[in-house]
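Here is the structure we will look at.
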2 protein chains.
Amino acid sequence: MVTLADVAQHAGVSASTVSYVLSGKRTISAVTRERVERSIAELGYHPNAGARALASSRSNIIALMMPLRMDMYVPVMTEIAIAIATHARSFGYDVLMLTGEEGPEAVRRVVGSGLADAMILMDVELEDARLPLLRQSGRPAVLIGLPAETTGLTCVDLDFAEAGALCAEHLAGLGHREIAVIGEAPAVYERRTGFAERTIDGLRARARSLGLRVLHRPSEGGYAAMAGTLAQIFTERPDTTGFVVQNETAVEPLIGLLRQNRRAVPEDISVVAVCPEQVAVQGSVRLTSVAVPAREMARHAVEHVIAKIEDRAGDQVVLLEPELTVRASSGPAPVSG
Amino acid sequence: MVTLADVAQHAGVSASTVSYVLSGKRTISAVTRERVERSIAELGYHPNAGARALASSRSNIIALMMPLRMDMYVPVMTEIAIAIATHARSFGYDVLMLTGEEGPEAVRRVVGSGLADAMILMDVELEDARLPLLRQSGRPAVLIGLPAETTGLTCVDLDFAEAGALCAEHLAGLGHREIAVIGEAPAVYERRTGFAERTIDGLRARARSLGLRVLHRPSEGGYAAMAGTLAQIFTERPDTTGFVVQNETAVEPLIGLLRQNRRAVPEDISVVAVCPEQVAVQGSVRLTSVAVPAREMARHAVEHVIAKIEDRAGDQVVLLEPELTVRASSGPAPVSG
DNA sequence: CTGAAAGCGCTAACAG
DNA sequence: CTGTTAGCGCTTTCAG
């Protein structure tokens, strides 16, 4: 293994000089710098991560805590995770992947050991068990999601209330008057991750001011469950002409079942989805949708957490502005009668 | 920050004793051990990762290199990654997530810096650019996938040839004589990840000995592309009664299109998929399938890589036995005529 | 603009 | 069964 001392010797300078060439924390003459850099290249030197961490008490690692239940939202979560890792690298940070498995204890372990300089938590619940430990640790952290109490925390999330509102607005603008919302599985509401509630709350508020009638039905995904939900909706509200879906696994079944029921999309029924771009685009119909901006969430999370590590930022709540993209699944409400 | 020295002092023992209590590398009297453990708990001590890595030249971190193109196979890859992280933790290892973005250079960086004790590479291509660096580094590594040249490497993968063979066998056993294979997108074959070729090779070989006629068509996923592929297949081979699909994004479109074409599954047409369990189970028809055993691959990868770190194992190629699960998409070939 | 030297917190001989 | 001690490779004062 080639060490900093080896490089120093090879270059005919002191160890500290090499260190400073690497960190750029003090001015080095061009000649010296070049000599050192040549030696580094020739010897194939790589600074030892452990030694560096010990001496500087900085690991240059960000811990990323994945959701507890990896059964849902896999694509978005994956996209966010990858984007976080990629973006973090561009700032010189690596990302350590923690699974939900280990539970809140992971926070203590990672933070206590100095393994990571900071944490990013995904899939935050309203009363998340990890938060007390986090606050108490005083370590830099960013949450993706919005817990009940955000004081002392930095959070990044989509403004789901506004996302819901946009859906209502779009359908209202097309002349729809009766709309049905197909929500996440009941389990999601029970877990209290918050985003599902925020969506329907925002949607309802805007719907009210626009004079829309709204029926909300949480639903499991898959064809069988959706068939039931759909039948129920049309029995209860036969004049429903607009659907809003917020459930990745319900999207394609919904479209398929409408087709089976001889309801043309978008001629008879308009559908708006709140889902990842990919899901909206790859199905049998290109869906009008509000996307979950995974990359942008990742970007904000990384940049804020690094700002915190470097003591350049305090706590704040960042709600990303949703955007509705019109595609082939929504159109003017059919002329009633 | 509370250090090992603090614990030692608090417990009235030497630093090394505390260290040995932690590592279990020498016998400690029950009294001493207890006193030390109490002190650790009372002070809330956590060993410093950097110091540990420096002194022991072991980081207890495994680097996991994700695929270059995260556009495909997202669910399987994610499942494998999560399973690797979870399983690694149970052996006291953390997992560092490297994206494909950084390229082969990441191998050099991680290995050179001692950041990780070993690497696991996902989505290995036949002539993978990371392999030369890996071999030359001499660091413990496990590949998920099978490159062209495996000497000096440990590889874990599904036996895709046998998976293909099982599909042929299953359809032949049901009396099918003409089968069509819908493969991955042409790009996948061009990338030379190998698994797609191995599947079709294995399938063809078995088909030959069973007297099956096979038509192989790589295809993009999605409805539009599949509609074209399907039309072509039925034009070329109108008597096709069995389908094998190896393309996550083509599965649901295939089923939907067959239904649209008034071909009943499984009465007229049988479909066998090579895909993740989840995809096989959650669509509109429960598919007979050969699953990609993500968990098991993760388990093998982790256990082998740790065995290598601890110098308890050499190189080897592990091909997991595929299993075909019969579900609702396959049945006896229709009586011809 | 550069060196010398003192640790960072832990592990692992070596010594008893 | 336990203690003493010499580093691991780097960063960062302090000194010039």
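Keep in mind that what you see is a predicted model, and the values were worked out from it rather than measured. Residue numbers begin at 1 in each chain, while the letters A, B, ... track the order of the sequences.
Here the P atom of nucleotide D/dC10 and the CD atom of A/Gln9 are 14 Å apart, to the nearest Å. Between B/Glu34 atom CD and D/dT2 atom P there is a gap of 13 Å when expressed in whole angstrom units. Separating the CZ atom of B/Arg35 from the C1' atom of D/dC1 is a distance of 13 Å, rounded to the nearest angstrom.
Taking the side chain as every heavy atom from C-beta outward, B/Asn60 and B/Arg52 never approach each other to under 4.5 Å. For the pair A/Leu121/A/Val142, no side-chain contact is recorded, criterion being any heavy-atom separation below 4.5 Å from C-beta on. Considering only heavy atoms from C-beta on, B/Leu126 stays 4.5 Å or farther from B/Pro147 through its side chain. Taking 4.5 Å as the limit, some side-chain heavy atom of B/Ile120 sits within range of a side-chain heavy atom of B/Ile144.
Note that the two end axes of the helix from C/dC1-D/dG16 to C/dG16-D/dC1 enclose an angle of 30°, each drawn from 5 base pairs, rounded to 10 degrees.
Separating the CG atom in A/Leu115 from the CG atom in B/Asp94 is a distance of 5.5 Å, to the nearest 0.5 Å. In this structure, the separation between NE2 on A/His304 and CG on A/Asp315 is 10.0 Å, given to the nearest 0.5 Å.
Smallest separation of non-hydrogen atoms from B/His10 and B/Ser39: CD2-OG, 2.8 Å.
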Review point. Where do A/Val2 and A/Val7 land on the side-chain contact (heavy atoms from CB on, under 4.5 Å) test, with the steps shown first?
Key: CA-CA 8 Å; A/Val2 30; A/Val7 175; 4.3 Å; yes
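Listed pair B/Ser57 / D/dC8 fails the phosphate criterion, with no side-chain N or O lying under 4.0 Å from OP1 or OP2. For C/dC1, neither phosphate oxygen OP1 nor OP2 lies less than 4.0 angstrom from any side-chain nitrogen or oxygen of A/Ser29. For B/Thr32 and D/dC1, the shortest distance from a side-chain N or O to OP1 or OP2 is not below 4.0 Å.
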Study note, to complete from the structure: In B/S/- notation (B base, S sugar-phosphate only, - none; protein heavy atoms under 4.0 Å), nucleotides 9-15 of chain C written 5' to 3' is BBSBBB-
